[in-house]
Amino acid sequence: MERVNFQAIEKKWQKKFSSLKLSNPKGEKFYCLEMFPYPSGKIHMGHVRNYTIGDVIARYKYLNGFNVLHPMGWDAFGLPAENASKLNNLHPKDWTNKNIKIMKDQLKLLGLSIDWDLEISTCDKEYYKHQQSIFIDFYNQGLVSRKETYVNWDPIEKSVLANEQVINGRGWRSNAIVERKKLSQWFFNITKFSESLLEDLTKLEGWPDKVKLMQANWIGKSFGCELNFEIENTSDSVKVFTTRPDTIFGASFVALSVDHPFNKKFNQNKSFLEFKNECNKSGTTEEAIANAEKLGFNTKLFVKHPFIKGKKIPIYFANFVLMDYGTGAIFGCPAHDQRDFEFAKKYNLEIIKVVSDNDDKKELIEAFIGNGKLINSDFLNGLKVDDAKSKIINEIEKRGIGSKKTLYRLKDWGISRQRYWGCPIPMIYLEDGTIVPVDKSELPVVLPDDIDLSTQGNPLESHPNWKMTTQKSTGKKATRETDTLDTFVDSSWYFMRFCSPKYKNGPFDEKKINYWMPVDQYIGGIEHAILHLLYSRFFTKGINKFNKNININEPFKNLFTQGMVCHESYKDLNGEWLYPEEVERKDNKNVIKRKDKTKVIVGPPESMSKSKKNTIDPETMIKQYGADAVRWFILSDSPPEKDIQWSDAGVASANKFLQKIWNLNFVIKNKSDGSSDKEQEKKFTLGIKNYVNKIDSSIKNFRFNVSIAQFYEIYNFFKENLEKKISDKLLKESIIEVMKLMIPFTPHLAHECLELANCKTPNKWPTVEKNILKEINLAVQINGKTRDIISVKKDFSEKEIDKLVLDNSKAKKYIENKKVIKKIFVKNKIINYIITN
RNA sequence: GCCCUCGUGGUGAAAUUGGUAGACACAAAGGACUUAAAAUCCUUGCCCUUUUGGGAGUGCCAGUUCGAGUCUGGCCGAGGGCACCA
C-alpha cells in the first residue's frame, strides 16, 4: 500500500494557504466569520471544531464562485491577562502578544483558509482608538448614560465583580463576602432599542429558533398597567405596575422595594434601617434568592382601594420587590400570585379569591394562577381573565388613575470595569464637576504601559499621573475616567472592522461595510446566545442610527451554534484529577494510572476544561495524526450542532482512512487502460453524480457527518468498480471530482491528490445535476407492509409497475387468490395493495 | 416554579415533504492470513426457523392514516434557558 507523509504535505500546502485569498471578484459576496478567540495561551478542541466548520463553509462557497471574506483576529483584552501577569511578572501586553503568536501558529497548522492580512487585535490602539470614537458617537446620540447602581463589590480586590464571578456570595478569587455597593457607572442605553431588538428577531430567518427564543425571553416584554393608590391621610400616592389588573378586587396589601424613594420617610426609623440592611445583605446568588423567605416591614400606613369605597390596604416594604423593574412597587393579590400568597400567610393578610378555580369554597393551599371567570369583583364578575384585564384598564384610564403600560425585563448595559487591561473610556471630569467626552482629535486615549499591578484596586487609579489631563478646547484642568470598558464592547463591532481593518479615517470604510455586511454565516458557541449576540445587534443598530451612510440593521444573517467537544474525566484514588495521557485503559472496566498502576475512577464525558484535566491538546493530535485527520474526525459521527465525544481511536481511524484514500488515488493514477463496458461505465458515472449531489446538499445543510459517511461509501464504491470493466480515463476523471469534494474537509490531502492527478481546475466545484437517476427502487407493500423492493425505470406508471409486481415480485404470492380492494400508488416511491383475507 | 428542546442497536448516529428503519463509523464476538502478534480482510449483530422465510421493533399508552421514527393527545425520562420581573 502506498503511504503518504501527512506532515510533509501539510507543511507544503500550508505555505500556499498562507497567501490564499478566497477572492472571486465577479462572484456574489460571502462573509464567513467564526467567533474570534480569546488569546488564553493555546488553542483547544472547541476552537478546532469552530474553525474547521467555518473553513468548510468558506472553502465550499469559494469553490462555488463566491467572493469570500474569511478573517480572523483576537479578543485580546480581559482579566486573565492581569491575573497571569501577577503570577509570573509578565506585562499583560507581553503575555497577550506571546499567546497570540503561539495560537496563530497553531491555527495555521489546521490548514484554515484565513486571510491573515485582515488580522486585528482588540488591544491594539489602532483598534480601540476607533472604539473610543464610536463610544463618543453613542454618547452624542444619547446612547450612553451615567447611573448609580448596585454592584457586586469585592472588598479585598477593591473591584466590581460580574455576576458570574460571585460564587455562593463570595468573590471567586479572593473568597471575600461580596457586598452590594452603590457605584456611579457608565451604561449603554440598550433598552432604547428593546422593541426593535425584539421585533427584528422575526427577520432573522437564518438563526436557530432556540437562540431567538432565548433573546426574546431575555428582553422579556410584558403588558400591563400602572395604577396609582392614594395614601390615606396624606396627599401622596404610590404608583404600582401590574400585569394582573384584573385581580384588583383581591388586593390585600401594597409592597414597596426597600430602595423605593418612599423610604425617605423612614430614614430615621431604626428598625426600618435594620430591615433594609438585612435585605441588602442577603445574597445575590440565584440560590439565595430562590430560598429566601418573604419578609416585610409594616409601615402602619394605608392606601385607599381605588374601586372599593372605604376599603384600606396596608403598605409594606418587602424584600421580594425589585426597584429596577416597573415602579418598584406592587399591589399584592395573594390568591393569585405565589409570592403574594406566601407573604400574606406570614403576615396574616386577607386572601380573597377573585378568579374562580371551580371549587370556590375550598381554602387555597397555594396561589391559583390559572384561567377562569372573575368572582367577588363587582363589575368584572363573570368575565374571563383576558376580558377582565381590558375592561379594568379601560376603567382605570377613564378615571385617570393609571394607564396601559408595556414593560421590558431588559436592563441597560453596565460597561464600567475597574480594571487595567481594557479599553479606556474616553471621558474626562472637569474641576467644576461637568463630565465631557475627550476631543476626537485626541484619540486614542492610550493605556499606559508603566503600571503597577501589585497594588489592589484599579492600577489606572493609582498611576501617578496618567489621569491628569486638560480639556483640549478650553485648556481647563481635568481628570480622566479610570474605568475601562467591558470587553464585550470590543467584540460588539469587530465584525465591521474586518471589512476594512487598516482603514485610518474612521472605524470603517462605509463602502466596504455596505458591500460585505451583514455577515452571511456566523459560527460560534451557544454560550454567546444572549450577551455577545445581543450587544452586537445593539451596536449595529446604534451605528445605523448615527451614520446614515450605513444601511445595515442586523449584523448576522445566518447563525450557527456548534456543540461542545467532550471527554471523560479521570480521578485517582486520592481524588486528584488526571490528564488522559496519565491513564491507561486495560479494557472497558479497568482503567489504571500509568505511574503506579493504581485504579482510576472514570467520570462521564463532559465539556473539556482545564480544571477537570479532561483536555486533549490539538497540537499533539495534529503532530500524531495530521491536521486533515483531526479535521475529519471532528466533523464525523455527530452533527455539528450537537456535543461530540473526543476519541483517540476515532482520530486514528480517520488517519487510516485518509491513507486509504491516498492509496486509491495512487492505484488509479497507475492504472492503464483495460477493457471497458458501456453499461457498467454508465452505472458508475451515475453513482458518482449521485454522490456529488448528496455531498453538495449535506454541506449546504450543515450535515457534515453525513458528508463524511458519503465519502466512506464512495471509497467502497470505487473499490467495487476497480474490479469492473471501467476505463482508467473515466476512473481518473471521477477521482478528480471526488477529490474536489474533499477540499473543504481535508484541504491538504485533497490538493495533493489533485496535483497527483494533474488536475488543471482545482478551484472549481463539480457540477451538481438534479434528476440524474434513471432507475429507482420502489417498495411493494401489502396492507402497508413492505414485502419487496423492485428496481424500476424512473416515472414508470402504475400500470407498468402493476405488471412487474404480478409477474415476478416476491409480493406476488400475497396477492394471488386474494381480492385487491384498493391500490395506493405514489410515483417513484411505493405501491401498496390492500387485500382482504 | 415558568419556558424550550430532545428520547432510534453495546456506542456516535442516518432516514427530502408521512412511504425500504438502523446508511456510515466506533466497540464487541467469530473467522481468514501469520510460527506468533500487530496490521489487513471477511462474517455476525432482537425472537422463531436447518435454509428459503416469518415476527416483533424508533421511551411508554392511545389516536389519525392504506402506511407513523416523522403528525395529534396524554404519561415517563434526559438536557438547556430564565427565575422573587409583579
Side-chain angles (χ1 to χ4, degrees), chain A residues 1 208-218 220-222 224 240-245 247 255 257 282 286-295 318-322 324-333 336-340 342-343 366-367 369 407-411 526-527 529-530 587-588 605 633 636-639 641-645 647 649-650 652-654 656-657 660 694 697-698 701 703 705-716 777-790 810 813 821-835:
Chain A
M1 181 165 144
D209 290 338
K210 186 182 166 185
V211 175
K212 286 190 276 189
L213 189 73
M214 278 165 76
Q215 292 211 355
N217 289 342
W218 188 262
K221 187 177 187 175
S222 56
V240 306
F241 172 77
T242 179
T243 54
R244 293 295 302 274
T247 62
S257 162
S282 68
E286 286 173 7
E287 208 186 343
I289 289 166
N291 298 330
E293 199 186 357
K294 307 278 173 289
L295 294 174
N319 63 345
F320 65 93
V321 180
L322 306 173
D324 54 4
Y325 184 77
T327 59
I330 62 155
F331 77 75
C333 174
H336 305 290
D337 181 289
Q338 188 56 29
R339 292 155 304 181
D340 299 347
E342 287 168 31
F343 191 79
E366 58 179 8
I369 50 170
L407 226 55
Y408 301 88
R409 215 175 58 96
L410 184 68
K411 296 192 181 89
I526 186 74
E527 66 274 20
I530 297 173
D587 55 61
N588 263 341
F633 170 71
S636 65
D637 286 353
S638 294
E641 71 277 10
K642 286 186 75 173
D643 289 355
I644 53 164
Q645 222 183 306
S647 121
S653 85
K656 275 177 213 157
F657 178 72
K660 291 204 271 186
K694 281 185 171 174
S697 70
S698 56
N701 297 319
R703 312 300 302 276
N705 53 326
V706 179
S707 314
I708 299 242
Q710 295 296 319
F711 283 114
Y712 283 102
E713 285 192 25
I714 291 174
Y715 175 78
N716 293 334
N777 290 332
L778 185 125
V780 182
Q781 300 181 337
I782 310 296
N783 287 347
K785 272 206 167 75
T786 303
R787 296 298 178 180
D788 195 12
I789 293 144
I790 54 173
K810 286 179 197 158
K813 65 177 180 185
I821 50 173
K822 197 176 175 186
K823 243 187 289 179
I824 293 124
F825 175 69
V826 182
K827 207 159 98 179
N828 299 330
K829 289 250 165 79
I830 56 129
I831 184 152
N832 186 8
Y833 296 88
I834 311 303
I835 57 169

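Convention: sequence-line order gives letters A, B, ...; per-chain numbering from 1. Because only heavy atoms are used, hydrogens play no part in the values below, and waters and symmetry mates are left out as well, while side chains stay in. Given the structure is predicted, the values throughout are model-derived calculations rather than measurements.
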Enquirer: Give a yes/no answer on whether the side chain of Ser697(A) brings an N or O atom under 4.0 Å of OP1 or OP2 in rU16(B).
Expert: no

Enquirer: Please measure how far the P atom in rG77(B) lies from the corresponding atom in rC66(B), and state the result in whole Å.
Expert: 35 Å

Enquirer: Can you tell me the base-pairing partner of rC33(B)? Count Watson-Crick or G-U wobble geometry only, both distances below 3.5 Å, and say none if there is no partner.
Expert: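 No nucleotide pairs with rC33(B).
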
Enquirer: Which of these nucleotides, rC41(B), rU40(B), rG81(B), is closest to any side-chain atom of Met214(A)?
Expert: rG81(B)

Enquirer: Send over the distance from Ile714(A) CD1 to rA25(B) P, rounded to a whole Å.
Expert: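 Distance, rounded to whole Å: 13 Å.
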
Enquirer: Under 4.5 Å between any side-chain heavy atoms of Ile644(A) and Asp637(A), yes or no?
Expert: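 Not in contact.
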
Enquirer: Which of the following nucleotides, rA23(B), rA14(B), rC41(B), is nearest to the side chain of Arg703(A)?
Expert: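 Nearest listed nucleotide: rA14(B).
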
Enquirer: If you pin Lys785(A) and Phe331(A) to their nearest nucleotides in RNA chain B, which one's is more 5'?
Expert: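 In this pair, the answer is Lys785(A).
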
Enquirer: Could you tell me which nucleotide pairs with rU50(B) by Watson-Crick or G-U wobble geometry, both distances under 3.5 Å, or answer none if nothing does?
Expert: none

Enquirer: Hey, is rG63(B) sitting syn or anti, using the within-90° cutoff around 0?
Expert: anti

Enquirer: Please confirm whether the shortest side-chain N or O distance from Lys212(A) to OP1 or OP2 of rC3(B) is below 4.0 Å.
Expert: no

Enquirer: Got a donor-acceptor contact below 3.5 angstrom from the Asp337(A) side chain to the Cys333(A) backbone?
Expert: no

Enquirer: Taking OP1 and OP2 of rC66(B), is either one under 4.0 Å from a side-chain nitrogen or oxygen of Tyr833(A)?
Expert: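 No, no such contact exists.
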
Enquirer: Can you tell which of rA27(B), rC4(B), rC24(B) lies closest to the side chain of Ala649(A)?
Expert: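 Comparing rA27(B), rC4(B), rC24(B) against the side chain of Ala649(A), the answer is rA27(B).
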
Enquirer: Return no unless some side-chain N or O of Lys294(A) is found under 4.0 Å from OP1 or OP2 of rC84(B).
Expert: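 It does not, given that no N or O in the side chain of Lys294(A) lies less than 4.0 Å from OP1 or OP2 of rC84(B).
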
Enquirer: Round to a whole Å and report the spacing from CD of Gln338(A) to C1' of rA83(B).
Expert: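 Distance check: Gln338(A) CD to rA83(B) C1' gives 14 Å.
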
Enquirer: Among rC24(B), rG19(B), rC85(B), which is the nearest nucleotide to the side chain of Ala709(A)?
Expert: rC24(B)

Enquirer: Could you tell me whether a side-chain N or O of Asp643(A) sits under 3.5 Å from a main-chain N or O of Ser638(A), the two making a donor and an acceptor?
Expert: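 Judged by distance alone, no pair lies under 3.5 Å.
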
Enquirer: What nucleotide, of rG54(B), rC66(B), rC85(B), holds the atom closest to the side chain of Arg787(A)?
Expert: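 Closest of the options to the side chain of Arg787(A): rG54(B).
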
Enquirer: Is there a side-chain contact between Glu713(A) and Asn716(A) in this structure, where contact means two heavy atoms from C-beta onward sitting under 4.5 Å apart?
Expert: no

Enquirer: Can you check the distance between rC46(B) and rU11(B), where both ends of the measurement are the P atom (answer in whole Å)?
Expert: 14 Å

Enquirer: If you measure from the P atom in rU58(B) to the same atom in rU8(B), how many Å do you get, rounded?
Expert: 11 Å

Enquirer: Between the base of rC66(B) and the side chain of Lys823(A), is one N or O donor paired with an acceptor at under 3.5 angstrom?
Expert: no

Enquirer: Measuring only the C1' atom in each nucleotide, how far is rA25(B) from rU64(B)? A whole number of Å is fine.
Expert: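 Rounded to whole Å, the distance is 37 Å.
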
Enquirer: How would you label the contact of Ile824(A) with the nucleic acid (heavy atoms, under 4.0 Å): base, sugar-phosphate, or nothing?
Expert: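 Result for Ile824(A) = base.
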
Enquirer: How many Å lie between CD1 on Ile530(A) and P on rA83(B), as a whole number?
Expert: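 In whole Å, rA83(B) P lies 8 Å from Ile530(A) CD1.
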
Enquirer: Identify whether any heavy atom of Phe241(A) sits under 4.0 Å from a base atom; if not, whether one sits that close to sugar-phosphate; answer base, sugar-phosphate or nothing.
Expert: base

Enquirer: Using the C1' atom as the point on both nucleotides, what is the distance between rG12(B) and rA28(B), in whole Å?
Expert: 15 Å

Enquirer: Expressed as a whole number of Å, how far does the C1' atom of rU44(B) sit from that of rG10(B)?
Expert: 14 Å

Enquirer: Any sub-3.5 Å donor-acceptor pair from Asp788(A)'s side-chain atoms to Val780(A)'s backbone N or O?
Expert: no

Enquirer: Test side chain to side chain contact (heavy atoms under 4.5 Å, CB included) on Phe633(A) and Ser647(A); report intermediate values, then the result.
Expert: CA-CA 9 Å; Phe633(A) 170 71; Ser647(A) 121; 4.3 Å; yes

Enquirer: Measure from the side-chain heavy atoms of Val706(A) and tell me the nearest of rA86(B), rA14(B), rC66(B).
Expert: rA14(B)

Enquirer: Would you compute the distance between atom CD1 of Ile708(A) and atom CZ of Phe711(A) and round it to the nearest 0.5 angstrom?
Expert: 7.5 Å

Enquirer: Between Lys822(A) and rC66(B), is there a side-chain N or O to OP1/OP2 distance below 4.0 Å?
Expert: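 So the side-chain polar atoms of Lys822(A) do come within 4.0 Å of the phosphate oxygens OP1 or OP2 of rC66(B), strictly under.
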
Enquirer: Starting at atom CD of Glu342(A), determine the distance to atom C1' of rA86(B), rounded to an integer number of angstrom.
Expert: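 Glu342(A) atom CD is separated from rA86(B) atom C1' by 14 Å.
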
Enquirer: Closest-nucleotide mapping onto RNA chain B: is Arg339(A) or Leu778(A) further toward the 5' terminus? I mean the 5' end.
Expert: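 Result of the comparison: Leu778(A).
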
Enquirer: Taking 4.0 Å as the cut-off, does a side-chain nitrogen or oxygen of Thr786(A) come that near to OP1 or OP2 on rA21(B)?
Expert: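 Result: yes.
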
Enquirer: Just call it for Leu213(A): base, sugar-phosphate, or nothing, with non-hydrogen atoms closer than 4.0 Å on any strand.
Expert: sugar-phosphate

Enquirer: What nucleotide among rG12(B), rU40(B), rG19(B) has an atom nearest to a side-chain atom of Val826(A)?
Expert: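 The closest nucleotide is rG19(B).
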
Enquirer: Would you mind pulling out the nucleotide paired to rC6(B), Watson-Crick or G-U wobble, both distances under 3.5 Å?
Expert: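 For rC6(B), the partner nucleotide comes out as rG77(B), under the 3.5 Å rule.
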
Enquirer: Just compare rA14(B), rG19(B), rC24(B) and give me whichever is closest to any side-chain atom of Pro639(A).
Expert: rA14(B)

Enquirer: Report yes or no: do Tyr712(A) and Ser636(A) form a side-chain donor-acceptor pair below 3.5 Å?
Expert: no

Enquirer: Classify the nucleic acid contact of Ser647(A) as base, sugar-phosphate or nothing, counting any heavy atom under 4.0 Å across all strands shown.
Expert: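 It contacts nothing in the nucleic acid.
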
Enquirer: Taking OH from Tyr715(A) and P from rC24(B), how many angstroms apart are they, rounded to a whole number?
Expert: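 The answer, rounded to whole Å, is 15 Å.
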
Enquirer: Can you tell me how far C1' in rA15(B) sits from the matching atom in rG69(B), rounded to whole Å?
Expert: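 Roughly 9 Å separates the two C1' atoms.
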
Enquirer: Expressed in angstrom and rounded to an integer, what is the separation of Gln781(A) atom CD from rU20(B) atom P?
Expert: 8 Å

Enquirer: Is Arg409(A) close enough to rA83(B) that one of its side-chain N or O atoms is under 4.0 Å from OP1 or OP2 there?
Expert: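 Checking rA83(B) against Arg409(A), a side-chain N or O does come within under 4.0 Å of OP1 or OP2.
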
Enquirer: Can you check whether Phe320(A) reaches Ile330(A) side chain to side chain, under 4.5 Å on heavy atoms?
Expert: yes

Enquirer: Once you round it to whole Å, what is the distance between P of rG1(B) and CG of Asp337(A)?
Expert: 16 Å

Enquirer: Sticking with atom P, work out how far rU72(B) lies from rC26(B), rounded to a whole angstrom.
Expert: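 Between the two P atoms, the distance is 37 Å.
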
Enquirer: Nearest to the Ser638(A) side chain among rG12(B), rC26(B), rC24(B), which nucleotide is it?
Expert: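 When the side chain of Ser638(A) is considered, rG12(B) is the closest of rG12(B), rC26(B), rC24(B).
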
Enquirer: Taking atom C1' of rU8(B) as reference, at what distance in whole Å does atom CG of Asn705(A) sit?
Expert: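 Taking CG of Asn705(A) and C1' of rU8(B), I get 15 Å after rounding.
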
Enquirer: Looking for any heavy atom pair under 4.0 Å, which part of the strands does Lys660(A) touch: base, sugar-phosphate only, or nothing?
Expert: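 It contacts sugar-phosphate atoms only.
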
Enquirer: Which nucleotide, rU17(B), rA25(B), rA86(B), lies nearest any side-chain atom of Val321(A)?
Expert: rA86(B)

